[in-house]
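Worksheet: one structure, shown below.
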Amino acid sequence: MAVDILAIAENARKEKLINPNVIDATIGMFYDENKNLVIPYVNEKFYTLKPEDIFPYGSTSGGELFKQNLISWVFYKIEDKIKESFKIDAIATPGGSGALSIIFNTYGKQNESILVSHPRWRYEFFTDAAKMQIASYDLFLDDKFNLKGLEQSLNQLLLKQEKVILVINDPCHNPTGYELNDLEWEGLINLLNTYDKEIILVLDIAYADYNPKGFVEQRNKYINLKQLNSNILPLIVFSASKSFSIYGVRLGGLIGLFQTDKQESFFKEYVYKDALGKWSTAPSVGVSLFNEIMKNKEDYIPNLEKVVKTLKNRGDLFLEKAKEHKLDHYPYSGGFFVLIKSTHPLKDYERLIKENVYVIPMEEGLRVALCSISYSEVSRLVEKVSKTVNKR
């Protein structure tokens, strides 16, 4: 079920303008407790930009300064350790979505399948555009990462394909909020190293900066990538739109980690060509704003941590109230979303609209955007959703 999330969110926004009691838990944008969308620090930096930072064309890559800033932001204190094992290149994209589009078009093969989890975000829109298919494995087995299911699906695909694109959306998985623990990450790396064929390991880290583990500890997991064999190519999908609450600016990035010259040269030629054929350059305003923030990134991190704390408070309250109301949901560790289990998500979604509650119906249940509702709305949402879902 691939619904139009933006259309549902727009309907919810309009209804809330008419009726302030509407709970709008649809869209993946962070609102603070006063319903402010923009992080003040980012807003201040935006207004320091000059016309020449905004209006001219930029380079396709985003420029050397952008690429270095992107790599330094994503890897932070472990950057040098990553560079011990990999050559690195990067490119600016219009949101994390742009990075995904490039990957499927450049590394994929028409009529073949990528492998993603079930449940998942709406990758179908990107695979459809690339004329590819989706194969999936159940993300959970007994509320833990289903490594066995992943292995079975990989085995099946590699019998038919010479290469597989595997997407891992971690941490703060969309739509469940799950995060692989250290042992699960170790198991994933060990599994991938058992294969001889090429595997493109796509790490979709769109929500990684909202991991309640913290800014530094979240990045330590990338050290695991150093253990990968050279036939496993890590590609990292980053969303500045999410990390800096600049959603409409549309800025992301794609980072490639290469162990061979062939991998590096392919990226430099074909990834760049695909970007040129799609959008030529990412928006200069986003690139310039990102570079401006990176001049003093240590000043931004405390602002980000405040957002993470707010999200954690909402998440903790949701878990408490869900338990109290016996509302069944998928394992949640942190981040923007939680997924409530429902056997009739479309019908429950329609019934909830009558209760002035807007969520996103998915094949596996109802996605609730904790990022977009206030702490005071959490209890009311859980109560209304539980009455609807548990009534069946």
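A quick note: this is a predicted structure, and the numbers were derived from the prediction, not measured.
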Plane angle bin for Tyr210 and Phe336 - parallel if under 30°, tilted between 30 and 60°, otherwise perpendicular: tilted
Contact check, side chains of Cys371 and Leu311, non-hydrogen atoms, under 4.5 Å: yes
Donor-acceptor contact present, side-chain Asn19 to main-chain Asn21, <3.5 Å: yes
Any donor-acceptor N or O pair under 3.5 Å, side chains Asn155, Tyr195: yes
Ring-face cation of Arg219 near Trp73 (centre distance under 6.0 Å, axis angle within 45°): yes
Transitive ILVMFWY side-chain link Leu192 to Leu183, under 4.5 Å: no
Partner of Val271 by side-chain contact (heavy atoms from CB on, under 4.5 Å), out of Thr93, Ile102, Asp89: Ile102
Heavy-atom donor-acceptor pair, Arg367 side chain to Thr26 backbone, under 3.5 Å: yes
Exercise: do Gln68 and Glu79 side chains pair donor with acceptor under 3.5 Å: yes
Over 12 foreign heavy atoms within 6.0 Å of NZ, Lys81: no
Glu33 versus Ser374, side-chain donor and acceptor atoms under 3.5 Å: no
Carboxylate-amine/guanidinium proximity below 4.0 Å for Glu64 and Lys67: yes
Parallel, tilted or perpendicular, as decided by the 30° and 60° cut-offs, for the rings of Tyr300 and Tyr41: tilted
Heavy-atom pair of closest approach, residues Asp53 and Ser288: O-OG, 2.6 Å
Check: Glu179/Asn211 side-chain N/O donor and acceptor closer than 3.5 Å: yes
Cluster overlap Leu289 with Tyr57, hydrophobic side-chain contacts below 4.5 Å: no
Contact summary for Gly365 and Pro345, nearest pair of heavy atoms: O-CB, 3.5 Å
Test item: side-chain donor near acceptor, Asn169 and Tyr207, under 3.5 Å: no
Test item: side-chain donor near acceptor, Trp185 and Asp170, under 3.5 Å: yes
Side-chain heavy atoms of Val338 within contact of Phe318, under 4.5 Å: yes
Gly96 to Val237 - nearest heavy-atom pair and separation: O-CG1, 3.5 Å
Parallel, tilted or perpendicular: ring planes of Phe266 versus Tyr270, cut at 30 and 60 degrees: tilted
Ionic contact status for Glu355 with Arg380, cut-off 4.0 Å: no
Pairing of Lys323 and Glu320 as salt bridge, 4.0 angstrom limit: no
Residues Lys144, Glu184: salt bridge by 4.0 Å N-O rule: no
Flag, side chain of Ser72 to backbone of Tyr76, donor-acceptor distance under 3.5 Å: no
Nearest heavy-atom neighbours spanning His173 and Ser117: NE2-OG, 3.4 Å
Electrostatic pair Asp24-Arg13, nearest N-O below 4.0 angstrom: no
Within 6.0 Å of CD in Glu52, more than 12 heavy atoms from elsewhere: yes
Side-chain donor-acceptor pair present, Asp348, Ser342, cut-off under 3.5 Å: yes
Distance-only side-chain donor-acceptor flag, Asn291 / Asn69, under 3.5 Å: yes
Tyr330 six-ring face occupied by Lys341 cation (under 6.0 Å, within 45°): yes
Option passing salt bridge (Lys or Arg N to Asp or Glu O under 4.0 Å) with Glu377 (candidates Lys384, Lys16, Lys321): Lys16
